[in-house]
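One structure is given below, encoded as structure tokens.
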Amino acid sequence: MDTVILGYKENPFTMIVGNKSKGKYRPVASVEFGFEPNEKAVFREIAKQIITIIELDVTWIEPRLHCKVQYLEKTASGSLRTVSFKGFDFDKIPEAIN
């Protein structure tokens with residue numbers, strides 16, 4: 001599934017990903033698995049330039065980065081379960097993700 005990265009946590013490293021619904025971005029999953037160490041490093045370098053707010057243990061970023069995730073199932077509310085990171089897609093623009 002194509003998603004937009006909305007934020008992240010450091011311990012353990014977790015990306016919060018989402019999609020656009022009714023004109024607003026909405027989180028659909030917390031992704032903890034599937035990251036290579038170099039992918040985390042690249043992400044942190046880019047993310048530190050687009051931080052919008054830090055709340056408790058979550059660092060929220062501008063919804064400009066796109067990634068692919070794989071999931072086992074989708075809940076009735078649209079959230080994803082058992083999610084793993086499958087890679088960045090720097091060629092896509094977030095507006096193209098619904």
Point to revise | Spacing of Ile61 atom CD1 and Met15 atom CE [to the nearest 0.5 Å] | key: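 These two atoms lie 7.5 Å from each other.
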Check your understanding: Out of curiosity, Arg44 CZ to Phe13 CZ, how far, rounded to the nearest 0.5 Å?
Key -> 5.5 Å
Shortest non-hydrogen contact from [X] to [Y]?
X     : Y     : value
Glu32 : Thr14 : CG-OG1, 3.3 Å
Val31 : Ser84 : CG1-C, 3.8 Å
Val17 : Cys67 : CG1-SG, 3.9 Å
Tyr71 : Met1  : CE2-CB, 3.9 Å
Leu80 : Ala29 : CB-CB, 3.9 Å

Point to revise | Qualifying residue for side chain to side chain contact (heavy atoms under 4.5 Å, CB included) with Pro27, from Asn19, Thr3, Ile16 | key: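 Testing Pro27 for a side chain to side chain contact (heavy atoms under 4.5 Å, CB included) against Asn19, Thr3, Ile16 leaves exactly one candidate, Ile16.
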**Study point:** By salt bridge (Lys or Arg N to Asp or Glu O under 4.0 Å) - contacts of Glu73 (at least two apart)
**Key:**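 Result, salt bridge (Lys or Arg N to Asp or Glu O under 4.0 Å) vs Glu73: Arg81.
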Does some side-chain heavy atom of [Y] sit less than 4.5 Å from a side-chain heavy atom of [X]?
X     : Y     : answer
Ile46 : Leu65 : yes
Asp2  : Lys68 : yes
Val69 : Lys86 : no

**Study point:** Positive for ring-ring contact (aromatic ring centres under 6.0 Å, His included) with Phe35, one of Phe43, Phe85, Phe88
**Key:**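 Among Phe43, Phe85, Phe88, the one meeting ring-ring contact (aromatic ring centres under 6.0 Å, His included) with Phe35 is Phe85.
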Practice item. Check side-chain contact (heavy atoms from CB on, under 4.5 Å) between Glu45 and all other residues, then give those that pass, not counting sequence neighbours. Key: Lys48
Check your understanding: Is the number of heavy atoms from other residues, nucleotides or ligands under 6.0 Å of Lys9 NZ greater than 12?
Key -> no
**Study point:** Test side-chain contact (heavy atoms from CB on, under 4.5 Å) applied to Gln49 and Arg64, step by step
**Key:** CA-CA 11 Å; Gln49 301 171 42; Arg64 299 192 328 194; over 6 Å; no
Tabulate below the donor-acceptor pairs under 3.5 Å that side-chain atoms of residues 50-57 make, not counting sequence neighbours, or state none.
residue : atom : partner : partner atom : Å
Thr52   : OG1  : Trp60   : O            : 3.2
Glu55   : OE1  : Trp60   : NE1          : 3.0

**Study point:** Single-linkage hydrophobic cluster, 4.5 Å side-chain cutoff, Phe33 and Leu6 together
**Key:**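 No, it is not one cluster - the side chains of Phe33 and Leu6 are not joined through contacts under 4.5 Å.
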